[in-house]
> 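Mind having a look at this structure? Questions to follow.
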Amino acid sequence: MATLTKNPNVNKWVDEMISLCKPDKVVWIDGSEEQLDGLRAEAISTGEMIKLNEEKLPGCLYHRTLPNDVARVEDRTFICSRKEEDAGPTNNWCDPKEMYAKLTPMYDGVMKGRTMYIIPYSMGPIGSPLAKVGVEVTDSIYVVLNMAIMTRMGAQAFKNLGDESDDFVRGLHSKADVDPEKRYIVQFPEDNTIWSINSAYGGNVLLGKKCFALRIASFQGKNEGWMAEHMLILGIQKPNGEIKYVTAAFPSACGKTNLAMLIPPEGYTKRGYKVWTVGDDIAWLKPGPDGRLYAINPENGFFGVAPGTNEKSNYNALASTKRNTIFTNVAINNDDMTVWWEKLDKNPPVNATEWKGEKVNGPEYVAAGNKLAHPNSRFTAPAENCPCISPEFNNPQGVPISAIIFGGRRAKTAPLVYQSFNWQHGTFVGSIMASETTAAATGAVGVVRRDPMAMLPFCGYHMGDYWAHWLEMGKVLGDKAPKIFNVNWFRTDDNGDFIWPGYGDNMRVLDWIIDRCEGTVDAVETPIGYEPKPEDINVEGLDGITTETVADLLTVDKNLWREEAKGIEEFYKKFGAKLPKEMSDELKALEARLA
Ligand code: OXD
Ligand code: MN
């Protein structure tokens with residue numbers, strides 16, 4: 001099949017990949033519905049995908065991966081920068097020459113007897129100055145069909161690249177034998193290249209997502225004056241119709257997709273508030289012509305965790321999965337060919353197929369302590385399905401950001417919300433992000449896992465240089481920089497139960513954040529930052545939460561924070577001479593304020 005572009009750089013690289021992988025057949029993905037329909041039919045006929053109920057879940061497909069291949073594999077993920085020090089202490093590193101030499105024989109002839117699909121795609125709206133182009137070659141129809149949802153895929157992507165540019169990310173994927181011992185997810189930042197082999201699971205093989213839009217893009221952003229961040233983007237519409245945009249970074253399993261699609265409490269909706277989703281996982285941010293920071297969501301869909309998603313926890317996410325969605329590793333209800341996962345509802349299907357493919361009696365299986373869906377089972381849903389998708393979702397200029405929010409899961413240390421003193425202090429606040437496990441029954445505090453800016457598994461270069469880039473961006477943005485905040489929805493009481501209701505009620509905290517950005521509300525200075533006066537958090541209509549509860553959620557325990565400072569000092573040691581002086585200065589200043 002003929003190439004879809006005149007761009008010689010693309011064609012040369014594709015030819016090299018064909019010579020290396022030696023597929024029987026090569027198919028360029030043009031993005032047409034006709035072509036995609038053919039691929040769906042083929043995947044259904046081979047059993048790779050299963051068609052779901054056309055009335056209840058129109059256009060939806062099911063796929064199951066091997067039990068050894070159900071999640072991202074951080075221990076097999078590499079950043080192969082030319083110099084080891086450029087990958088930094090938090091990434092696996094290998095010399096790129098060595099890695100190419102090791103992987104090349106593994107790709108040699110790997111697609112004999114198979115078809116190679118060549119997928120052009122754009123991360124970001126077509127025509128956006130913030131968008132970038134990638135080409136992924138793969139031997140998996142599942143990858144093609146997922147990329148069709150997650151990116152702007154097909155010939156249109158080449159419009160952004162043009163006929164001459166060399167600025168595209170080269171992604172090579174083969175599921176090979178799905179051998180976990182030979183599984184590699186490798187980024188070569190200086191070569192704009194990603195090689196992924198022996199996996200067929202989303203996060204490892206949809207190369208536009210974590211591999212490109214975070215690992216490679218964070219490196220590009222550092223060199224080109226922009227930022228690729230593991231952040232949701234949402235817009236808060238006020239009763240006067242004005243919309244303020246914020247981004248937020250949380251480690252995995254802290255409710256990012258839920259916050260991105262939040263439905264405000266009744267008191268707010270009645271007054272005319274509304275939340276719009278721009279993105280749920282990744283933000284690309286760049287100063288705009290007016291000097292403010294603008295964000296696009298480089299993705300075109302949601303690759304969300306299914307278990308826990310239900311009408312109450314995230315109505316909008318669930319609604320997004322009702323058509324043209326791919327489900328991976330959830331359970332099937334064989335009575336009507338619909339899907340089920342833990343906490344969808346209280347009725348596991350009787351005639352079920354669990355995620356590994358075994359037919360079981362759902363209620364009995366669950367009662368015996370088994371899970372019908374894999375805990376990391378996923379839906380791949382088009383963003384356009386989301387009832388609260390922002391009208392600005394496809395705006396090539398992006399949306400102007402008023403606030404950046406960091407957060408984690410802390411039982412006692414972090415208060416409900418605080419604001420950093422300034423951008424530099426905000427960078428420090430992001431760098432000390434952490435989540436901890438709590439033993440609910442005893443209220444005992446578990447292990448603290450530091451995850452700066454939620455980027456630990458996703459930063460494509462040295463974290464010390466990454467913080468330096470943040471500080472640099474602060475200088476570029478000056479007084480137009482977004483304000484930086486930290487939130488913690490997860491403080492627990494003496495019984496280990498969460499105090500704050502979370503979910504839609506997090507709107508009450510966003511409300512204060514927006515007021516702070518507009519300068520319409522005062523704050524109290526504490527050793528860690530500015531906090532709300534308890535009475536400035538709206539608790540109207542909340543059950544059992546009073547202004548006193550809020551005061552309690554805002555306490556800063558100096559002893560805990562002194563411990564915290566020691567933990568940060570220990571963590572910072574890892575980064576050696578690359579730790580920006582501003583960051584150690586901030587730590588010293590915090591210690592002084594706590595003394
Ligand atoms: C994700 C993650 O899958 O952050 O989005 O792990
Ligand atoms: Mn993520």
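All ligand and atom numbering here is 1-based and tracks the order in the structure. The structure presented is a predicted model; accordingly, all values stated were derived computationally and were not measured.
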> Tell me, please, if A454 has any N/O/S atom, main chain or side chain, under 2.8 Å from the Mn ion (ligand 2)?
no
> Flag the pair K256 and D281 as a salt bridge only when some basic side-chain nitrogen lies within less than 4.0 angstrom of an acidic carboxylate oxygen.
yes
> Going by the order shown, which atoms of ligand 1 are within less than 4.0 Å of some heavy atom of H230?
4 (O)
> With the threshold set at under 4.0 angstrom, would you say K256 reaches ligand 1 through any of its heavy atoms?
no
> State if R378 counts as touching ligand 1 under the rule of any non-hydrogen atom under 4.0 Å.
yes
> Of all the heavy atoms in G203, does at least one lie under 4.0 Å from an atom in ligand 1?
no
> Just jot down the ligand 1 atoms closer than 4.0 angstrom to any heavy atom of K210, in number order.
1 (C), 2 (C), 3 (O), 4 (O), 5 (O)
> Give, for atom CG of N92 and atom CZ of R76, the distance between the pair rounded to the nearest 0.5 Å.
9.5 Å
> On the six-membered ring of W276, is K274 placed so that its NZ or CZ lies under 6.0 angstrom from the centre and within 45° of the ring axis?
yes
> Is E74 paired with R215 through a side-chain N to carboxylate O contact shorter than 4.0 Å?
no
> Taking 4.0 angstrom as the limit and counting only heavy atoms of S252, give me the atoms of ligand 1 inside it, by number and element.
2 (C), 4 (O), 6 (O)
> Would D69 and R183 pass as an ion pair if we require N to O under 4.0 Å?
yes
> What is the name of the N/O/S atom in D281 that sits closest to the Mn ion (ligand 2)?
OD1
> Is the closest N or O pair between R72 and ligand 1 shorter than 3.5 Å?
yes
> Measure from NZ or CZ of R170 to the centre of the six-membered ring of F168, then state whether that distance is under 6.0 Å and the direction lies within 45° of the axis.
yes
> As an exercise, identify every atom of ligand 1 less than 4.0 angstrom from a heavy atom of D281.
5 (O)
> Does the cation-pi check pass for K222 over Y461, that is, NZ or CZ under 6.0 Å from the six-membered ring centre and within 45° of its axis?
yes
